[in-house]
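Contents: one structure, followed by commentary.
Computed from heavy atoms alone, side chains included, the values below leave out hydrogens, waters and symmetry copies. In this chain, residues are counted from 1 in sequence order.
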Amino acid sequence: MGRPRTNNVQINIAIPSEWKKELENLARIYSVEEGKTITFLDLMRRGIQEKYQLKDVNDHEK
């Protein structure tokens, strides 16, 4: 059985290490507040989605 298909693509970016540290700290706070694990990558996705008002193409699966 293969992996499920998604429309996601993987990209590789470089960010300053200080940004990563700050995002990791914020992710810990959000994880506690939301009662589920939030990663710094989740925060980056959320920020991009909110900034550019992008729709979540995975909403139909929920």
Side-chain angles (χ1 to χ4, degrees):
M1 177 193 267
R3 288 186 281 164
R5 293 190 172 242
T6 69
N7 288 329
N8 294 343
V9 295
Q10 184 174 341
I11 61 171
N12 185 16
I13 66 167
I15 61 172
S17 60
E18 276 303 310
W19 290 11
K20 183 174 183 266
K21 288 176 193 171
E22 288 184 45
L23 287 168
E24 287 172 332
N25 288 334
L26 287 169
R28 285 186 199 96
I29 293 166
Y30 278 97
S31 292
V32 171
E33 288 178 357
E34 296 185 19
K36 64 180 183 179
T37 302
I38 306 294
T39 67
F40 79 95
L41 294 172
D42 293 327
L43 292 182
M44 291 175 68
R45 287 184 200 98
R46 285 183 187 184
I48 292 167
Q49 184 180 21
E50 289 175 17
K51 169 71 178 171
Y52 297 103
Q53 300 174 358
L54 302 172
K55 65 178 182 175
D56 187 348
V57 295
N58 295 320
D59 275 345
H60 68 278
E61 296 173 7
K62 294 179 183 176

How many angstroms lie between [atom1] in [X] and [atom2] in [Y], if you round to the nearest 0.5 Å?
X     : Y     : atom1 : atom2 : result
Asn25 : Lys21 : CG    : NZ    : 10.0 Å
Leu54 : Arg45 : CG    : CZ    : 13.5 Å
Met44 : Thr39 : CE    : OG1   : 9.5 Å

Open item on the list: Using side-chain contact (heavy atoms from CB on, under 4.5 Å), reason through Lys20 and Glu24 one step at a time and then give a plain yes or no.
Closed with: CA-CA 6 Å; Lys20 183 174 183 266; Glu24 287 172 332; 2.8 Å; yes

Exercise: identify the closest heavy-atom pair between Leu43 and Tyr30 =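 Here Leu43 and Tyr30 meet closest at CD2-CD1, 3.9 Å.
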
Worksheet item: How far apart are the closest heavy atoms of Asp42 and Thr37, and which atoms are they?
Response: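 Answer, listing the atom of Asp42 first, then Thr37: OD2-O, 4.1 Å.
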
Checklist entry - Would you call Glu50-Lys55 a salt bridge at under 4.0 Å N-O? => result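 The answer is no: the pair does not qualify as a salt bridge.
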
Exercise for the section: Treating Ile, Leu, Val, Met, Phe, Trp and Tyr as nodes and any side-chain heavy-atom pair under 4.5 angstrom as an edge, say whether Trp19 and Ile11 lie in one connected cluster. Expected result: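 In one cluster with Trp19: Ile11, yes.
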
Under 4.5 Å between side-chain heavy atoms, hopping through other hydrophobics if needed: is there a path connecting Ile13 to Leu26?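 Per the 4.5 Å side-chain linkage, Ile13 and Leu26 are co-clustered.
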
Given Arg46, Glu33, Arg28, the one that forms side-chain contact (heavy atoms from CB on, under 4.5 Å) with Ile38: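 Among Arg46, Glu33, Arg28, the one that satisfies the side-chain contact (heavy atoms from CB on, under 4.5 Å) with Ile38 is Arg46.
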
